[in-house]
Protein chains: 2
Amino acid sequence: MSTDLLNDESCGLRERKKRETRRALNLAALDLVEERGFAAVTTEEIAARAGVSARTFFNYFPSKEAAVIGTTAEELEAYAAALEEDVEGESPLESLRRILAGMLAPASIDRELRARRRRILLGEPSLAPALVGNNIRIENALTGALERRLGVEPGASLEARLTVAVAIAAVRACIEHQQNGGSGRLERNIDQAFDRIAAGLR
Amino acid sequence: MSTDLLNDESCGLRERKKRETRRALNLAALDLVEERGFAAVTTEEIAARAGVSARTFFNYFPSKEAAVIGTTAEELEAYAAALEEDVEGESPLESLRRILAGMLAPASIDRELRARRRRILLGEPSLAPALVGNNIRIENALTGALERRLGVEPGASLEARLTVAVAIAAVRACIEHQQNGGSGRLERNIDQAFDRIAAGLR
DNA sequence: CGCCGAAAATGCAGTCACTGCAAAATTGCA
DNA sequence: TGCAATTTTGCAGTGACTGCATTTTCGGCG
């Protein structure tokens, strides 16, 4: 084994190709949904555009919705790791604000992809149930991370799960507010929402 | 149509029968899911047990999940009305605590049915996405009601939606905590959760 | 390089959720 | 009782999703 440093993480060509296929399927799904809308796209078409067979599609994603949403386990782990890290002078809620806002904001590298994703996903009301369903995965990952950060046993106290759930709900509420033509810019509203939560709701 | 009494409830035989059918389908779905589990039940079986054709099933519910969950528009309206009512010395969050806890607690009349529902729905992890999807409906109904209570234009301020979303998230977190074998009784945890939210999270 | 075991891709057949459409049954009302 | 509206139902079709057997591809090893 003289080859280790070739790639970032996945040395094997096999792993890299799987990642590429997964990404290709996700991008194909986004393309097609953008063109025709979620309902008018079939999994066969997504597979075809990604260059794989119809059957292979379901080796990568358990449903059409999942392919469009495309959240990977790696992303979840990354966010969890970010939350687990105890930043100086930052409360759990503040960390969550930073991390969740970062999930929405088009970031350095994937700038245009993130913005595209956000636009397409939020523009499809029929995807809303699947999106909140996907939030369960995020919530579980972040809850585990926060429990580790707080040094409590998994499921021992309500605190970690409550904080994460409320934070995610706050972001969701802001997005919903936005979609209903609500006032204010998204980032600003998220800041306000977290401020209110920190101050205590009535 | 000069209907005045008809649009109420339980007036026309037609309306009453529709309600019975809806209820029969919901109960049949609960029965079968309890017996065999959600995945092993078909919509045809539900329809058969309820005494209607397979096609008619989809005149009442848009999906198998919806039939099992069975939340009716009337229930939503009732909860919304309860929230809209301004109770002396009760903040919006306190009203939400009372109403949402009431949704879970086996109440006077439907005592055993409510408990059954809760047991079956929460015992089926595969229904979790559908359940949180259903929460969107509840959130929208309650948000509208709270906006009316506060006297603001729909969607004008973030406050109403944020409060409702956070309250629902709190209850969900407690349920999730419960299912993961967390400590404490559900009612008590919900009380604690709302207390924390009122005091401000960190 | 060529072979082998493992993993992944594919093809095929089947089940079932869900839909549109048109005919048939049922109900409310004059 | 008869008419019009509403509801039920049957039928045929689409497409998501699954299990299984087969084939292809990949990675390692002599």
Side-chain angles (χ1 to χ4, degrees), chain A residues 1-4 6-7 9-26 28-29 32-33 36-70 124 126-127 129-130 133, chain B residues 1-26 28-29 32-33 36-70 124 126-127 129-130 133:
Chain A
M1 281 269 285
S2 55
T3 67
D4 309 69
L6 280 178
N7 300 320
E9 310 219 1
S10 65
C11 323
L13 175 142
R14 212 160 213 165
E15 205 61 30
R16 196 183 320 140
K17 202 154 194 191
K18 273 185 79 173
R19 222 175 274 195
E20 276 171 25
T21 302
R22 184 179 205 83
R23 185 180 176 80
L25 281 168
N26 178 230
L32 289 167
V33 169
R36 288 178 239 165
F38 181 76
V41 172
T42 70
T43 59
E44 289 191 10
E45 291 170 321
I46 299 173
R49 182 169 295 208
V52 297
S53 75
R55 187 64 185 81
T56 298
F57 175 93
F58 290 100
N59 288 340
Y60 284 88
F61 294 100
S63 69
K64 191 169 79 164
E65 289 86 347
V68 181
I69 296 176
E124 280 282 343
S126 59
L127 273 177
Chain B
M1 282 219 204
S2 60
T3 57
D4 24 71
L5 299 174
L6 267 181
N7 59 7
D8 251 2
E9 47 231 357
S10 71
C11 268
L13 175 140
R14 213 161 213 165
E15 206 60 30
R16 196 179 319 137
K17 203 157 193 190
K18 273 185 80 171
R19 224 174 274 195
E20 276 171 25
T21 302
R22 183 178 208 84
R23 185 181 176 81
L25 281 168
N26 178 229
L32 289 167
V33 168
R36 287 179 240 163
F38 182 77
V41 172
T42 70
T43 60
E44 289 190 11
E45 291 170 320
I46 299 173
R49 182 170 294 208
V52 296
S53 74
R55 187 64 185 81
T56 300
F57 175 94
F58 289 101
N59 288 341
Y60 284 87
F61 294 101
S63 69
K64 193 169 79 164
E65 289 86 349
V68 181
I69 297 176
E124 280 282 344
S126 60
L127 273 177

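Throughout, a chain's letter reflects where its sequence line sits, starting with A, and its residues are numbered from 1. Since we're looking at a predicted model, the values are computed, not measured.
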What is the distance, rounded to the nearest whole Å, between atom [atom1] of [X] and atom [atom2] of [N]?
{"X": "B:Lys18", "N": "D:dT7", "atom1": "NZ", "atom2": "P", "answer": "4 Å"}
{"X": "A:Ile46", "N": "D:dA16", "atom1": "CD1", "atom2": "P", "answer": "8 Å"}
{"X": "B:Glu15", "N": "D:dT6", "atom1": "CD", "atom2": "P", "answer": "12 Å"}
{"X": "A:Asn59", "N": "D:dT24", "atom1": "CG", "atom2": "P", "answer": "17 Å"}

- Message: For a quick test of reading the model: is some side-chain N or O of A:Tyr60 closer than 4.0 Å to OP1 or OP2 of C:dA9?
- Response: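 A:Tyr60 to C:dA9 OP1/OP2: side-chain N or O found under 4.0 Å.
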- Phosphate contact (D:dC26 OP1 or OP2) by A:Lys17 side-chain N/O below 4.0 Å: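 Yes, A:Lys17 has a side-chain N/O under 4.0 Å of OP1/OP2 on D:dC26.
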- Task: Give a yes or no on this: more than 12 heavy atoms of other residues, nucleotides or ligands lie within 6.0 Å of atom CZ of A:Arg49.
- Result: yes
- Message: Within the supplied structure, the quantity of interest is the number of heavy atoms (other residues, nucleotides, ligands) at a distance under 6.0 Å from A:Arg22 CZ; does it exceed 12?
- Response: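 Enclosed: over 12 neighbouring heavy atoms sit under 6.0 Å from CZ of A:Arg22.
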- Task: For A:Phe38, check side-chain contact (heavy atoms from CB on, under 4.5 Å) against everything at least two apart and list the hits.
- Result: A:Val33, A:Lys64, A:Glu65, A:Val68, A:Glu124, A:Ser126, A:Leu127
- Query: Nucleotide by nucleotide, 5' to 3', does protein get under 4.0 Å of the base (B), only the sugar-phosphate (S), or neither (-) in nucleotides 15-23 of chain C, counting heavy atoms?
  - Reply: --SBBBB--
- Message: Counting only side-chain heavy atoms from C-beta out, which of C:dA9, D:dT8, D:dT25 sits nearest to A:Thr56?
- Response: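 From the listed options, C:dA9 comes nearest.
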- Does the side chain of A:Thr43 reach to within under 4.5 Å of the side chain of A:Phe58, using non-hydrogen atoms?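 Counting from C-beta outward, A:Thr43 and A:Phe58 do come under 4.5 Å.
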- Item | A:Ala67 versus A:Ala29, closest heavy-atom pair with distance |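 Closest approach of A:Ala67 to A:Ala29: O-CB, 4.0 Å.
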- Scanning both residues in full, the closest heavy-atom pair of A:Ser53 with A:Thr56 reads OG-OG1, 2.9 Å
